[in-house]
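Naming: A, B, ... by sequence-line order, numbering from 1 per chain.
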There are 2 protein chains.
Amino acid sequence: MGVTIKDIAKAAGVSYSTVSKALLNSPLVKEPTKKKIIAIAKELNYQPNAAARRLASKKSNTIGVVWPTIERVTLSALITKINEQLEAASYTTLLSINPVETAVTIFNQFQVDAILVFDDNNKSEYTSSSSVPVVSYGLSDPNSPYPIIDVNRKQAIHLAVEYLYQQGHRKISYIGNVKGIDRLQEEKVDSFQKSVSDLGIDTFANAVISVDSLDQYDGYLAAKNILHSEHIPTAIICGSQDLARGIIRATQELNVSIPEDISIISYDNIPQREDLIIPLSTVGVPLDTISEHVAKTLIDVINKEEISNTITLEPELKITNSCRTIKE
Amino acid sequence: MGVTIKDIAKAAGVSYSTVSKALLNSPLVKEPTKKKIIAIAKELNYQPNAAARRLASKKSNTIGVVWPTIERVTLSALITKINEQLEAASYTTLLSINPVETAVTIFNQFQVDAILVFDDNNKSEYTSSSSVPVVSYGLSDPNSPYPIIDVNRKQAIHLAVEYLYQQGHRKISYIGNVKGIDRLQEEKVDSFQKSVSDLGIDTFANAVISVDSLDQYDGYLAAKNILHSEHIPTAIICGSQDLARGIIRATQELNVSIPEDISIISYDNIPQREDLIIPLSTVGVPLDTISEHVAKTLIDVINKEEISNTITLEPELKITNSCRTIKE
DNA sequence: TTCGAAAATAACTACGTTGTCAATTTTACT
DNA sequence: AGTAAAATTGACAACGTAGTTATTTTCGAA
């Protein structure tokens, strides 16, 4: 094992520095020589030694991602996208599932070019000891020493409420994770309540339904409860696509039609799965938008471009026929 | 940025090779000197340069894990455990979510000490080009050029069927993912059918129930179907803990008691979550066992110990009071 | 043909560390 | 005190590559 540029040099009858240049596609090497060297490299199944390369060039073309324990499922799609984007810019992505501090230390030792942190709880102490630039996806914080990419969840829910109001809805329910350890979920509920009260909509018994988690089953149960009660809303806004799926199942079982009897808008960033019977109206920032911004920020940070410290991405409302207008 | 051992050497008034040895805790350095050097290193916030270290020592103390697109949720707990085990043996784990071939190439360039592949579909072509040893967690294959750790799913289901039979059960249903793209699921169903027919149990209408996926909701639906029909089994074996949860919800709704009216055994490797009302009888290989074997195999491979090529882990049956005996 | 500049290639150092071996200091014993 | 042996420290060559500088080759013009 271990074919080095020296082996290639010997085989090609040139010096190893020429090989180095040829493999980096430097214009300092004549075209035919370059061709020959590259051919021999492939022939010998040459794998550049990343350690040596990094040592010599002080560049790793690698980005370290700190992968949190929780929320892995939700973020899985996002990470995949970001990975694609970075790969297109010829960066390699490596993940660590260690605690943030440990992971940051590891990535520093590996001299990655930048670190992406999915921030659970906005702790930025660890960054102080990182000489590698950090970018975070999490809750915005004007005092953060590193750039944060955030999503305007408040605005998202507000858009949904406003839209439904304009369509004539006056009894709107929100189904989501209320009792909040999770600040992201909390934000959404708060925004719902504020939007509703700002519009002067009367609250009613089923205005806000709390669920234990954001799974399909929770949505199913919550929707069933609502639909069995006396206070049936004309529209539901829910906190995740999975919840929405559960809600739809419940409506089907109880012969409640969407959107005739009830309209639904779901908050979500991930692309809609195909297997829904009713295409879902959603509000949120498209995954592609998020991943593009994250990837771009990382690359900017590496190239030391000027970047604004906190980027808050604005949501989009996508209405399908899971919503209808109520005539007055 | 960039404190090197030379900086420390200067500060400590010793040669840099002494610093190197001190930081590696070599017995060749006198204790007080060592202490002093380590203190200064900490003082200066020294971060060893992993690239240089690797280049010089040809060891990275790092293990690369190829993380497949699918099944991330299920494997998340396993990876976490393996990471812990390896950390205890002072190895660092890095993940890649790229396609197996790409990931293997990256890890080769990074000169990790070993690569762990979660094998989707038993393709071993990529290994040929890997000079770094590979270990796989997946379906066993006697011809594989690298060690594979597998779980004896057939035996697991067999154990469950046999146990229930011995307890007097004669109407046993299996709920799981039948229509098989997934060979792992397929194995379980096959084993169920074989075990049942070997014992001479009559098949009946609800003997095997196919679900779309292994989620809670699927279990809920399947169980409801069964319980509403005329062919109610005395025991259910199901393919995942999530399914079991759904099944339990269904029984509660329909006032069916566990284990009085129906016994349940779930296949699973992951540790049982606390939030179940009824502690679940399970059959499978405990997660700890799997992770220990995987970690040990990786380390053995690195140290070039002799290892058997394929390790099949045998399942354990854990019976709680979600099962009961049927008197004849 | 010969000279000179440009193009191509080769030589060499640096990167930060480890590990081997040589040099030095300390220790223990005569 | 002197000496050998042991303990400790230091010097230096790798490791594989990038990049800078030096050398050779090529080619056009005189």
Checking side-chain polar atoms at under 3.5 Å, does A:N108 have a donor or acceptor matched by the opposite partner on B:Q47? no

Among C:dT18, D:dG16, C:dA10, find the nucleotide with the atom closest to the side chain of B:S57. C:dT18

Rounded to the nearest Å, what distance is computed from the CD atom of residue A:Q109 to the P atom of nucleotide C:dT18? 11 Å

Could you state the atom-to-atom distance from CZ of A:F110 to P of C:dT17 in whole Å? 14 Å

Counting only N and O atoms by type, is there a donor-acceptor contact under 3.5 Å from the side chain of A:R54 to the main-chain atoms of B:F110? no

Between C:dT18, D:dG16, D:dA18, spot the one nearest the side chain of B:Y16, thanks. C:dT18

How many Å lie between CG on A:L55 and C1' on C:dC15, as a whole number? 4 Å

Which of residues 17-35 of chain A have a heavy atom under 4.0 Å from DNA chain D? A:S17, A:S20, A:K21, A:L24

Nearest heavy-atom approach of A:Y137 to A:L78 is CE2-CD2, 3.8 Å

Between C1' of D:dG16 and CG of A:D7, the distance in whole Å: 10 Å

So what does B:K58 touch, heavy atoms closer than 4.0 Å: a base, only the sugar-phosphate, or nothing? sugar-phosphate

So, does B:N269 use its side chain to make a donor-acceptor pair with the main chain of B:V285 at under 3.5 Å? yes

Donor on one side chain, acceptor on other, A:S20 and A:S17, under 3.5 Å: no

Hey, is the side chain of B:R54 poking within less than 4.0 Å of OP1 or OP2 on D:dC15, counting only N and O atoms? no

Grab the NZ-P distance between A:K59 and D:dG19 for me, whole Å please. 11 Å

Is there side-chain contact between B:K34 and B:N25, with heavy atoms separated by less than 4.5 Å? yes

Between P on C:dC15 and CZ on B:R53, what's the gap in Å once rounded to a whole number? 19 Å

In whole angstrom, what separates B:K10's NZ from D:dG10's P? 15 Å

Any side-chain N or O of A:Y46 under 4.0 Å from OP1/OP2 of D:dT17? yes

For A:I5 and A:Y46, run side-chain contact (heavy atoms from CB on, under 4.5 Å): C-alpha distance rounded to whole Å, both residues' side-chain angles, the deciding distance at 0.1 Å, then the answer. CA-CA 8 Å; A:I5 51 171; A:Y46 166 73; 3.5 Å; yes

Nearest whole Å is fine: how far is D:dC15 C1' from A:N49 CG? 8 Å

Taking 4.0 Å as the cut-off, does a side-chain nitrogen or oxygen of B:T4 come that near to OP1 or OP2 on C:dG16? no

